[in-house]
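One structure is given below, encoded as structure tokens.
Numbering starts at 1 and runs along the sequence shown.
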Amino acid sequence: MKPLAESAPLFGCDAPDRLRYSRLERELLEAVRHHSESEFNRFVLRKNDRELARELCFERRNGIQWLPVAKTETVLEIGAGAGALTGAWADKAARVVAVELSPARAAINAIRQRGRDNVEIHAGAFAETERRLADRKFHVIALIGSLGAAADCVGPDGDPRRRLLERLRPRLAAGGRIVVAAPNRFGLKFWAGGAEDDAEPPFGRLESQAEAAASGALSRAELAQLARDSGFASAVFFYPHPDFRFPSCIYSDERLPRPGELGFNAFPWDARQSQLFQPGKTFDELIRENQFPFFANSFLAVLAPDAPRAAAADGRRIVYAKFSTMRRPERRIRTDLLVDERGAPVIRKSPTSAAGQAHVDGLQRHFEQLSRLCAGTRFAVNRCERRAGGAEFEFLAGPTLADEALDRLRRNDRAGFLAAMADFCAAVQALATEEFRPTAEFRAVFGAVRLPPGLKSAPVTDVDLILPNLIARDGRWHVIDYEWTFDFPIPVGYVLYRTFRYLYSYNEWIGRKFGGLHRELYRLAGIAGDVRRYKRMEWALQQHLVPRPGFVQDLAPRRQLRLRPDRWLPLRNAWRRLPPGMLSWLARAQAWTSDLP
């Protein structure tokens, strides 16, 4: 084997170039040797490999990026693997010590971190690593998905997870905490027959605590009890969704999900899935019954030997985080909901990397531009202030225009809904006082779309003026999200087209219940003849903002129970087609789906 490339300091592995690497490890080695971090996602998509995705895709950072870690603090990462999160910790902390039992994975991580001077890698037996680190303490000790390997670290006697936490607790510095992320063995994805890997039998975690413990899965009650038994005074729970590896949102007990927010339950390329029910609707019912914490797919718990630590250096706690990373790097952001000691909330948008700083800085300018445009109108723009590398917004509570519109439709008040939409259209159109003329900036985003003469526009346009982004309060419509504001003219009809397009896409039941309503809305807005043009503009905008493929969601779906790769097995309907008997239900299911269109 060729000598390994330049690497970060590697301890416990004297001859990494003579190690034996598995197929997966050889591919990881190829990636970290010959590709930069920004190229990893394309490498994974080319290989179309789920295990590579778990080690390489940048979306893994979402799981910890939101955690407050000061630049003066140190991190001990247990079970670092090939470095899926090591770099993310290193970007936040003064120093990171990454511990990995596998010398091959540790060697790969050392090469991956070769450009960082604040990372060291330790490989081999955990006892040896403990001796090397005997005199060092850490502010953060991370066990992200590695609690299931506790027996490999401290031996199988007793409860290895408890013994591991007990041995790690004395290594915490003053104010230190242990961060544990693990799947919830009662997570809804497992009730649906899902699994963490293909070797795991369906429903095994539900039926056997021992089997769940071996894989690192716990219930919330089990994890809370484990923390108490290990000597920790507090355990603050968060709920990464859809799981702790690739979360798109982080919820907490102070900000639980709301009905309609959890339609996405698992990646189609992940381990075996069976569609026993519709996860989104099921989650909605569980949320209404206050059962989400029990059925959340995974947990992230912050354990501390003393009182709970504030979640940010300025004393404010992050109680919710949403990641907008399916974008070009220069537009990727994270949106946090923070509360201070008095419980006062504020919204903060931050770039996920230095490339996105200009995009976040531009929000202050958009606030000023839109405030001038909306002065004296029905619209009010939510105040924005730049602060500490991000942009902060006043937290506004109240019903959105979407809430009011949907309430009318649920009450079958079609006339009232149309009257409200007519009022909205008139208010938006009143902002467009100039004749639209396409500019070079317009063509760069929307392409060379041919639009009829006589269209109206405003000098600056928030194309995301959709109903969920408007809160009705004090007789005005408050614009709470204006991230997609452009400094050039855009036809006002396109803004209204997006309003109605996303009203329908977020609420598919409207089309089923009210046939032809969308055509009435287009006529109401005066855009019936331009809908096709606006569809092309929307496609061009999405291509401009979200270049595909390039994200972990773009991995090809895995074959679900040996059926067609683009379909889940709808077992909730299969009973009508599967007669009783001793024949294999799987063979019957395959025959049943063979004639699906």
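In this structure, Asn41 contributes its side chain and Gly550 its backbone to a donor-acceptor pair below 3.5 Å. The closest donor-acceptor contact from the side chain of Arg255 to the backbone of Val319 lies at 3.5 Å or more, if one exists at all. Side-chain atoms of Arg171 come within 3.5 Å of backbone N or O of Leu133 as a donor-acceptor pair. Checking side-chain atoms of Glu261 against main-chain N and O of Arg258 turns up a donor-acceptor pair under 3.5 Å. Put simply, the side chain of Asp336 never gets that close to the backbone of Ile318: no donor and acceptor are under 3.5 Å apart. Side-chain atoms of Lys137 come within 3.5 Å of backbone N or O of Pro170 as a donor-acceptor pair. Between the side chain of Glu73 and the backbone N or O of Ala70, at least one donor-acceptor pair lies under 3.5 Å. Side chain of Asn297 to backbone of Asp243: no donor-acceptor contact under 3.5 angstrom is found. Using a distance-only test at 3.5 Å, with no hydrogens or angles considered, no donor-acceptor pair links the side chain of Glu59 to the main chain of Phe551. Judged by distance alone, with hydrogens and angles left aside, the side-chain atoms of Ser298 form no donor-acceptor pair with the main-chain N or O of Pro242 at under 3.5 Å.
Under the 30°/60° scheme for interplanar angles, the aromatic rings of Phe283 and His241 are found to stand perpendicular.
Side-chain contact of Thr335 with Lys322: a donor-acceptor pair under 3.5 Å is absent, judged by distance alone. Under 3.5 Å, the side chains of Thr86 and Asn109 contain a donor-acceptor pair of N or O atoms.
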Distance-only donor-acceptor hits, side chain of residues 138-157, under 3.5 Å, sequence neighbours excluded:
residue	atom	partner	partner atom	Å
His139	ND1	Thr74	N	3.1
His139	ND1	Thr74	OG1	3.3
Ser146	OG	Ile78	O	2.9

Would you give me the side-chain donor-acceptor pairs under 3.5 Å for residues 118-128, sequence neighbours excluded?
residue	atom	partner	partner atom	Å
Asn118	ND2	Ala90	O	2.9
Asn118	ND2	Ala93	O	3.2
Glu120	OE1	Arg95	NE	3.0
Glu120	OE1	Arg95	NH2	3.3
Glu120	OE1	Arg136	NH2	3.3
Glu120	OE2	His122	NE2	2.8
Glu120	OE2	Arg136	NH1	2.9
His122	ND1	Arg132	NE	3.1
Glu128	OE2	Arg131	NH2	2.2

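Contact annotation: the side chain of Ile250 approaches that of Phe323 to within less than 4.5 Å [non-hydrogen atoms, C-beta and beyond]. Taking 4.5 Å as the limit, some side-chain heavy atom of Glu222 sits within range of a side-chain heavy atom of Arg185. The side-chain heavy atoms of Ser252 and Phe237, taken from C-beta on, include no pair separated by under 4.5 Å. A 4.5 Å side-chain heavy-atom check between Pro293 and Leu256 finds at least one atom pair inside the cut-off.
When ring centroids are compared, Phe292 and Tyr239 come within the 6.0 Å threshold. Remark: aromatic rings of Phe58 and Phe40 are distant, center separation not under 6.0 Å. A ring-centre distance under 6.0 Å is found for Trp66 and Phe238. Aromatic ring centres of Trp484 and His359 lie closer together than 6.0 Å.
Residues forming a salt bridge (Lys or Arg N to Asp or Glu O under 4.0 Å) with Arg61 (at least two apart in sequence, or on another chain): Asp91. Considering only residues two or more places apart in sequence or on other chains, Pro305 meets the side chain to side chain contact (heavy atoms under 4.5 Å, CB included) condition with Arg169, Leu172, Phe232. Shown here are the salt bridge (Lys or Arg N to Asp or Glu O under 4.0 Å) partners of Asp117, two or more places apart in sequence or in another chain: there are none. In terms of the salt bridge (Lys or Arg N to Asp or Glu O under 4.0 Å) criterion, residue partners of Arg167 (sequence neighbours excluded) are, by chain and number, Glu130. In this structure Arg162 satisfies the salt bridge (Lys or Arg N to Asp or Glu O under 4.0 Å) test together with Glu166, sequence neighbours excluded. Scanning for side chain to side chain donor-acceptor pair (under 3.5 Å) contacts around Arg163 gives an empty result, with sequence neighbours left out. Not counting sequence neighbours, Ser353 has no partner by the side chain to side chain donor-acceptor pair (under 3.5 Å) test. Listed by chain and residue number, nothing satisfies the side chain to side chain contact (heavy atoms under 4.5 Å, CB included) test with Arg20 (two or more places apart in sequence, or in another chain). By the side chain to side chain contact (heavy atoms under 4.5 Å, CB included) test, Asp284 is found to be paired with Pro259, Arg288, residues two or more places apart in sequence or in another chain being considered.
Judged as a ring pair (Phe, Tyr, Trp, His ring centres under 6.0 Å), the pairs with a partner in residues 151-189 (not counting sequence neighbours) are, in order, Phe186-Phe294.
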*For the pair Thr129 and Val97, evaluate side chain to side chain contact (heavy atoms under 4.5 Å, CB included) and give the outcome as yes or no after the intermediate values.*
CA-CA 10 Å; Thr129 299; Val97 176; 6.0 Å; no
*Would you check, one step at a time, whether the test ring-ring contact (aromatic ring centres under 6.0 Å, His included) holds for Phe244 with Phe299?*
CA-CA 7 Å; Phe244 71 91; Phe299 304 118; over 10 Å; no
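The CG atom of Leu165 lies 10.0 Å from the CG atom of Asp229; values are rounded to the nearest 0.5 Å. One distance of note links CG of Asn184 with OG of Ser219; it measures 6.5 Å at 0.5 Å rounding. Atoms CG and SG, on Leu19 and Cys13 in that order, are 4.5 Å from each other to the nearest 0.5 Å. In this structure, CG in Leu28 is found 8.0 Å from CZ in Arg112, a value given to the nearest 0.5 Å. Considering CD of Gln291 and OG1 of Thr282, their distance stands at 13.5 Å, rounded to 0.5 Å. We find the CG-CG distance between Leu24 and Asp49 to be 6.0 Å, quoted to the nearest 0.5 Å.
Pairing each heavy atom of Pro329 with each of Ala355, the nearest pair is O-CB, 4.0 Å. Taking all atoms of both residues into account, the shortest heavy-atom contact from Ala107 to Leu10 is CA-CD2, 4.0 Å.
Ion pair Glu254/Arg317 flagged as a salt bridge, since at least one NZ, NE, NH1 or NH2 atom sits closer than 4.0 Å to an Asp/Glu carboxylate oxygen. Taking the charged nitrogens against the carboxylate oxygens, Arg114 and Glu6 have no contact shorter than 4.0 Å, which rules out a salt bridge. Taking a cutoff of 4.0 Å between a charged side-chain nitrogen and a carboxylate oxygen, Glu483 and Arg327 qualify as a salt bridge. Taking 4.0 Å as the cut-off between side-chain N and carboxylate O, Asp253 and Arg220 count as a salt-bridged pair. Contact check on Asp159 versus Arg161 returns a salt bridge, with a Lys/Arg side-chain nitrogen under 4.0 Å from an Asp/Glu carboxylate oxygen. A salt bridge is defined here as a Lys NZ or Arg NE, NH1 or NH2 lying under 4.0 Å from an Asp or Glu carboxylate O, and Glu30 with Lys47 meets this definition. A salt bridge is defined here as a Lys NZ or Arg NE, NH1 or NH2 lying under 4.0 Å from an Asp or Glu carboxylate O, and Glu55 with Arg60 fails to meet this definition.
Applying the salt bridge (charged side-chain N to carboxylate O under 4.0 Å, His left out) test between Glu392 and each of Arg316, Lys349, Arg386 identifies Arg316 as the sole match.
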